[in-house]
Amino acid sequence: MSLSRKVSHSSRREFLGSAVPAAGLILFSGAETVVVQAKSEHEEENVSTNEDLMREHGILKRVLIAYDEIIRRIRAKEDFPPQTVREGATIIRKFIEDYHEKLEEDHLFPRFRKAGKQVELVTVLYAQHQAGRRVTDRIMAKANTLKTEDDRSQLAQDLEAFNRMYAPHEAREDTVLFPALHKIVSLHEYDALGEHFEKIERQTFGGDGFDIYVDKVAALEKRLGIYDLSKFTPA
Ligand SMILES: [Fe+2]
Ligand SMILES: [Fe+2]
């Protein structure tokens with residue numbers, strides 16, 4: 001039976017509004033159902049401004065977890081694939097520092113400063129972005145010279161410093177800064193901001209940067225043997 005036969009006239013509008021599959025727009029023509037236009041994934045997903053920023057934090061969190069695993073192995077004097085340090089730091093540099101944080105610095109922080117809201121928080125968050133970039137510089141430099149026990153110990157210290165700052169940093173943005181955005185911009189501006197972010201994302205990465213970097217962070221986890229989520233479940 002074709003899809004059109006399953007849907008009554010009265011329920012078609014509701015059906016179209018709630019359950020159009022990712023493949024594209026469906027036209028009902030008599031008994032036939034025709035997929036006529038494949039929309040871009042972002043048009044389908046309609047990701048809001050805060051959801052966009054928060055799921056980018058999810059990628060940051062997954063790198064923090066990878067860093068934790070590298071720290072654990074250094075402290076336990078276990079081996080780890082040395083390229084995982086550079087892979088993790090490159091995700092941070094390209095996706096978090098040069099993209100996600102730039103969005104915050106160019107489009108969120110100035111709006112809060114102008115509105116006179118969360119100004120102290122924004123000052124700390126901005127300073128932490130700069131500090132994070134300095135730590136990432138050091139992590140990238142050390143990724144090339146992991147020869148001695150001392151090299152590994154210094155790397156562990158930088159990874160710990162990075163994780164110690166970014167876990168509270170992203171949690172504070174998720175629970176204080178991003179919710180407060182609704183109070184300083186109109187609904188229209190909030191929606192426009194999300195669309196602008198999507199445009200920047202496509203220009204920056206030549207496609208859906210989030211999808212590209214979810215794959216990269218999953219590959220990093222697999223290399224470190226921490227991809228299987230069930231391994232984190234306590235007995
Ligand atoms: Fe931030
Ligand atoms: Fe952030």
Side-chain angles (χ1 to χ4, degrees), residues 42 45-68 70-71 87-140 158-185 189-205 207-218 220-221:
H42 261 303
E45 289 172 1
N46 195 21
V47 180
S48 75
T49 305
N50 282 358
E51 182 189 351
D52 202 24
L53 292 165
M54 289 170 81
R55 66 185 198 166
E56 288 163 11
H57 279 177
I59 289 179
L60 169 59
K61 180 69 183 171
R62 287 173 73 167
V63 177
L64 299 188
I65 293 164
Y67 279 179
D68 273 338
I70 295 170
I71 294 164
E87 286 170 356
T90 302
I91 294 170
I92 294 294
R93 168 84 0 125
K94 290 189 174 170
F95 190 71
I96 299 301
E97 294 172 352
D98 290 351
Y99 169 65
H100 170 88
E101 291 184 348
K102 197 167 181 324
L103 290 183
E104 292 174 344
E105 291 171 11
D106 291 350
H107 301 283
L108 260 58
F109 295 173
R111 282 181 165 83
F112 281 102
R113 290 191 195 105
K114 197 174 167 197
K117 304 282 185 199
Q118 304 292 342
V119 176
E120 279 181 40
L121 174 60
V122 163
T123 300
V124 176
L125 293 171
Y126 181 78
Q128 290 188 332
H129 288 180
Q130 313 314 312
R133 286 164 190 156
R134 290 194 293 273
V135 178
T136 297
D137 282 343
R138 294 205 295 270
I139 291 169
M140 285 184 146
D158 279 328
L159 296 176
E160 280 169 346
F162 192 88
N163 284 13
R164 182 163 170 75
M165 181 178 79
Y166 267 110
H169 180 103
E170 67 170 311
R172 202 64 66 97
E173 287 179 342
D174 285 345
T175 58
V176 179
L177 192 80
F178 299 162
L181 184 61
H182 292 287
K183 295 180 187 141
I184 63 162
V185 299
E189 191 177 355
Y190 181 82
D191 288 344
L193 206 51
E195 283 170 26
H196 189 50
F197 284 4
E198 285 171 21
K199 207 175 288 175
I200 294 170
E201 184 176 357
R202 291 194 171 275
Q203 280 168 356
T204 305
F205 300 108
D208 190 315
F210 175 76
D211 284 351
I212 293 166
Y213 277 86
V214 166
D215 288 346
K216 285 184 191 292
V217 82
L220 170 65
E221 290 168 343

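Hydrogens, waters and symmetry mates are skipped; everything else that's a heavy atom, side chains included, is used. What you see is a predicted model, and the numbers here were worked out from it, not measured in a lab. One is the number of the first residue; the rest follow in order along the sequence. One-based numbering, in listed order, for ligands and for the atoms of each.
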N/O/S atom name from His129 that is nearest to the position of the Fe ion (ligand 1): NE2
Note: Arg55-Glu201 ion pair, threshold 4.0 Å (strictly below): no
Side-chain donor or acceptor of Asp158 paired with backbone N/O of Val135 under 3.5 Å: no
N, O or S atoms of the protein lying under 2.8 Å from the Fe ion (ligand 2): His57 NE2, His100 NE2, Glu104 OE2, Glu173 OE1
Side-chain touch Tyr99/Tyr213, heavy atoms, less than 4.5 angstrom: no
Residue pair Arg93 / Asp137, side-chain heavy-atom distance below 4.5 Å: yes
With sequence neighbours excluded, residues passing side-chain hydrogen bond (donor to acceptor under 3.5 Å, both in side chains) with Asp106: Lys102
Atom of Ala115, atom of Ile184 and distance for their closest heavy-atom approach: CB-CG2, 3.9 Å
